[in-house]
Amino acid sequence: MSAPLTHVVVFLHSGDYDRVHQGLSIAAAAVAAGRRVEIYLFWWALERFLNDALDEPDFMGREDVTDRFESRGMPTLRALLAHLNDSGLLTLAGCTGSLGALGAEARADASGIPLWLGWSAILQRTAGVTDRFYL
């Protein structure tokens with residue numbers, strides 16, 4: 001008998017569209033398999049969410065990729081996030097340290113990010129998780 005699958009943890013640090021898309025895609029694959037997912041937002045990824053920049057792909061200097069992305073109907077960050085939220089298997093959290101470093105504390109309540117944690121709590125929550133992705 002195999003052990004039950006644990007949840008998947010995605011640490012998003014970079015705000016680059018491709019990295020955030022990759023992280024949300026990993027999470028979408030996990031929830032499709034019935035696994036819980038925790039996504040932690042840091043620095044520039046957090047800033048992207050705070051700025052609500054989830055719709056338009058912005059692949060700097062790569063208009064060919066942007067065109068291909070759109071012509072193939074690939075989901076935007078917002079569409080992936082909606083799918084994850086609809087699954088009921090997502091926990092989305094922002095890092096309080098990154099929030100402070102960005103000087104964005106006043107924007108936390110209106111951000112749509114339901115959980116705010118520091119590293120001590122994040123380490124406790126993710127202890128023993130083997131499926132961790134850092135982007």
Side-chain angles (χ1 to χ4, degrees):
M1 182 163 81
S2 63
L5 295 175
T6 63
H7 61 289
V8 172
V9 172
V10 179
F11 297 109
L12 291 177
H13 174 272
S14 171
D16 292 346
Y17 196 93
D18 61 322
R19 288 179 181 247
V20 176
H21 195 277
Q22 187 71 30
L24 296 181
S25 295
I26 290 166
V31 301
R35 295 176 73 181
R36 291 181 304 109
V37 174
E38 294 181 9
I39 297 176
Y40 295 94
L41 302 171
F42 304 93
W43 286 91
W44 316 126
L46 175 59
E47 186 173 58
R48 180 177 283 277
F49 276 72
L50 291 171
N51 291 340
D52 197 33
L54 305 176
D55 295 310
E56 296 297 322
D58 54 357
F59 303 111
M60 290 277 245
R62 293 300 309 264
E63 290 76 23
D64 60 321
V65 175
T66 301
D67 293 344
R68 197 172 307 110
F69 187 91
E70 292 174 344
S71 70
R72 292 184 179 184
M74 296 180 79
T76 63
L77 301 178
R78 186 174 312 282
L80 285 168
L81 185 61
H83 170 73
L84 292 167
N85 280 321
D86 290 347
S87 76
L89 297 172
L90 172 67
T91 299
L92 180 66
C95 173
T96 55
S98 293
L99 183 69
L102 294 170
E105 297 93 338
R107 297 168 54 196
D109 288 342
S111 69
I113 299 167
L115 182 62
W116 293 95
L117 301 168
W119 266 114
S120 295
I122 293 168
L123 290 174
Q124 287 177 345
R125 290 176 62 98
T126 61
V129 176
T130 57
D131 292 339
R132 296 181 189 212
F133 299 87
Y134 179 82
L135 301 155

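Only a predicted model underlies this, so the values are computations on that prediction, with no experimental measurement involved.
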Gap separating the [atom1] atom of [X] from the [atom2] atom of [Y], nearest 0.5 angstrom:
X: Arg68; Y: Glu63; atom1: CZ; atom2: CD; result: 11.5 Å
X: Ser98; Y: Tyr40; atom1: OG; atom2: OH; result: 13.5 Å
X: Leu84; Y: Leu92; atom1: CG; atom2: CG; result: 9.0 Å
X: Phe133; Y: Ile39; atom1: CZ; atom2: CD1; result: 11.5 Å
X: Leu41; Y: Leu117; atom1: CG; atom2: CG; result: 11.0 Å
X: Met74; Y: Ser25; atom1: CE; atom2: OG; result: 7.0 Å

Do [X] and [Y] come within less than 4.5 Å of each other through their side chains, counting heavy atoms only?
X: Arg125; Y: Thr91; value: yes
X: Leu46; Y: Ile113; value: yes
X: Val31; Y: Leu90; value: no
X: Trp44; Y: Ser14; value: no
X: Arg78; Y: Asp52; value: yes
X: Phe42; Y: Trp119; value: yes
X: Val20; Y: Leu80; value: no
X: Arg107; Y: Asn51; value: yes

Inset, instruction - Using side-chain hydrogen bond (donor to acceptor under 3.5 Å, both in side chains) as the criterion, list what pairs up with Asp86, not counting sequence neighbours. - result: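 Partners of Asp86 under the side-chain hydrogen bond (donor to acceptor under 3.5 Å, both in side chains) test: none.
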Neighbour count >12 (heavy atoms, 6.0 Å) for atom [atom1], [X]:
X: Arg19; atom1: CZ; value: no
X: Asp64; atom1: CG; value: yes
X: Glu105; atom1: CD; value: yes

Closest approach of [X] to [Y] (non-hydrogen atoms, all atoms of both residues):
X: Leu50; Y: Ser111; answer: CD2-CB, 3.6 Å
X: Val8; Y: Ala30; answer: CG2-CB, 3.8 Å
X: Thr126; Y: Arg132; answer: O-NH2, 2.5 Å

Inset, instruction - Could you give me the CA-CA distance, side-chain angles and deciding distance for Val129 and His7, then say whether side chain to side chain contact (heavy atoms under 4.5 Å, CB included) is met? - result: CA-CA 7 Å; Val129 176; His7 61 289; 3.3 Å; yes
Inset, instruction - Determine yes or no for a side-chain-to-main-chain donor-acceptor pair under 3.5 angstrom, with Tyr17 supplying the side chain and Leu77 the backbone. - result: yes
Legend entry - Donor-acceptor contact below 3.5 Å, side chain His21 vs main chain Pro75: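 Present.
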Legend entry - Criterion side chain to side chain contact (heavy atoms under 4.5 Å, CB included) on Val37 and Ile26, from CA distance to verdict: CA-CA 9 Å; Val37 174; Ile26 290 166; over 6 Å; no
Inset, instruction - Evaluate the criterion side chain to side chain contact (heavy atoms under 4.5 Å, CB included) for residue pair Thr6 and Arg36; output intermediate values, then yes/no. - result: CA-CA 8 Å; Thr6 63; Arg36 291 181 304 109; over 6 Å; no
Legend entry - Residue of the set Asp55, Asp16, Asp58, Asp18 for which salt bridge (Lys or Arg N to Asp or Glu O under 4.0 Å) holds with Arg48: Asp58
